Number of protein chains: 2
Amino acid sequence: MTSESSKKHPTPTRRISESTIHRLSVYYRQLAILESEGYHTVSSKELAKREKLTPAQVRKDLSFFGSFGTRGLGYPTTELKQKIANILGIDKLWHVALVGAGNIGSALASYKEFAKQGFELNSIFDNDQRKIGSNHKGITISDIGTLPEALKKHHIEIVVIAVPASNAQKIADICVATGIKAILNFAPINLKVPSDVVLRTVNMSMEMEYLSFYLCNRHNIDVPGKG
Amino acid sequence: MTSESSKKHPTPTRRISESTIHRLSVYYRQLAILESEGYHTVSSKELAKREKLTPAQVRKDLSFFGSFGTRGLGYPTTELKQKIANILGIDKLWHVALVGAGNIGSALASYKEFAKQGFELNSIFDNDQRKIGSNHKGITISDIGTLPEALKKHHIEIVVIAVPASNAQKIADICVATGIKAILNFAPINLKVPSDVVLRTVNMSMEMEYLSFYLCNRHNIDVPGKG
DNA sequence: TTTTAGTTGTGAATGAATTCACAGGAAAAA
DNA sequence: TTTTTCCTGTGAATTCATTCACAACTAAAA
């Protein structure tokens, strides 16, 4: 961590929309590309063009967190990338545990993008005796019964749930009871967590259903994002 | 398909938001649960309570597509579920192809929820000679070079892309050229497709980044959905 | 030095999504 | 039959997100 990254960005006074946070992730990726292409600065216009957004949107999103640009010049590529990393909290290492070593869990354990962004997966849990003790990409699979103590011992901050829908709520409850405040859920079920715990659910069937709706309706109606 | 399901719902006259479509998927799942619990009717109040939404939101979402309820009574559970299936287009069989039989691709091929919702995965493609010809859950993995003709031959309507980011755009271009109008992308890259093709991208790193942002900021600011 | 071209940051205007509030209707109780 | 209770469907009001439009500033050219 550089001294740069530990400098705090101004605390936003207003509610930040989910869309804005999502776009910050998008800007971060595009800035990495611009950096690799040798650009030292980038304008909101160029950034917007590359992501099919409006320049005003880019500037407004960034303005919630501070003034990072120079009038007449644009934004310094590397510095802005670093600032966004700081805003998103990805300029530090997060300790992540994975629960469920089935099909999706195994795929996630092998997913290299996580590590690249500072998400360190160092614990995997399962309830299948045949899997417990075995090695997956250098990580030993632990008994799910040891989840509470292991979460504390390894200072886990984020739990990825990839167990069948029928077990997911039970796992979520254990995580919440152990003090976990962030859960990424792949089970196709609406988990209930307290309001101070942030939950993101990736439901692949629902993504397919969106595509299906569009295929059925694209001749009749406008669809968002399809100017 | 019943005669019920082929009856057309009224064409919406106004743009339907992504959020509304997403919530229709949510209602659909909750209606299946209510049905299994023996409820013949359900009020917008009850449906809202179970999904942490407002009753007005539920009624408004449904009203874009027609009048499905009875004043004083609520909505007929089974019938409404069927109507939503019809709106979403999941009361028919969709032909789906998967490109990429790596970690994520393999997990998706084994994902049972797809088949349950009428998404029939009947073709898998890869460029790895060791995988081509082998069997995955009863589906032979084909050479990616045969993609264009195979998409036509099997009447594929939806393509799931699960190849590395570096190859994803190339695959998307092939799909678009072959006439595919719906793509579900798992590669961590912003694919470019024409405006008449619907694209959904699932980027797991971005989901993690959202959690990270929340963990960093929950003490300072409001976060959407966390009243 | 002055002018011109370029770009940010932000209050105001606009547009979109959600919630309110109530007329209209259905069923059950009185 | 009449009254009461319940619930939908929807126009209006409100809240939230995006876009506009321009003052403020920078750099480079004249």
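Protein chains get the first letters and strands the later ones, always in sequence-line order, with residue 1 at the start of each. Heavy-atom basis, side chains included; hydrogens, waters and symmetry copies ignored. All of these numbers come straight from a predicted model, not from anything done at the bench.
The CD atom of A:Gln57 sits 13 Å away from the C1' atom of D:dC16 (whole-angstrom rounding). Going from atom CG of A:Asp61 over to atom P of D:dA17 covers 11 Å, rounded to whole Å. Rounding to whole angstrom units, CZ of residue B:Phe64 and P of C:dT19 are separated by 12 Å. At whole-Å resolution of the value, CG in B:Leu53 and P in C:dA17 are 16 Å apart. The distance from atom CD of B:Glu18 to atom P of D:dT18 is 12 Å, rounded to the nearest whole Å.
No donor-acceptor contact under 3.5 angstrom links the side chains of A:Ser205 and B:Glu113, judged on distance only.
For A:Arg23, no side-chain nitrogen or oxygen approaches OP1 or OP2 of D:dA17 to under 4.0 Å. Contact annotation: A:Ser19 does not reach the phosphate of D:dA17 (side-chain N/O to OP1 or OP2, under 4.0 Å).
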Chi angles and distances behind the side chain to side chain contact (heavy atoms under 4.5 Å, CB included) call for A:Ile156, A:Val96: CA-CA 6 Å; A:Ile156 302 295; A:Val96 180; 5.8 Å; no
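Remark: A:Ser43 engages A:Lys45, A:Glu46 in a side chain to side chain contact (heavy atoms under 4.5 Å, CB included) (not counting sequence neighbours).
A:Ala165 and A:Ala187 get closest at one heavy-atom pair: CA-CB, 4.0 Å.
Side-chain contact between A:Leu62 and A:Tyr75 is present, with heavy atoms from C-beta onward closer than 4.5 Å.
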Annotated protein contacts, base or backbone, on nucleotides 4-12 of chain C with a non-hydrogen cut-off under 4.0 Å, one of B, S, - each: --BBBBBBB
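Residues A:Glu157 and A:Lys181 are not paired through a salt bridge, judged by the lack of any N-O separation under 4.0 Å between the basic side chain and the carboxylate.
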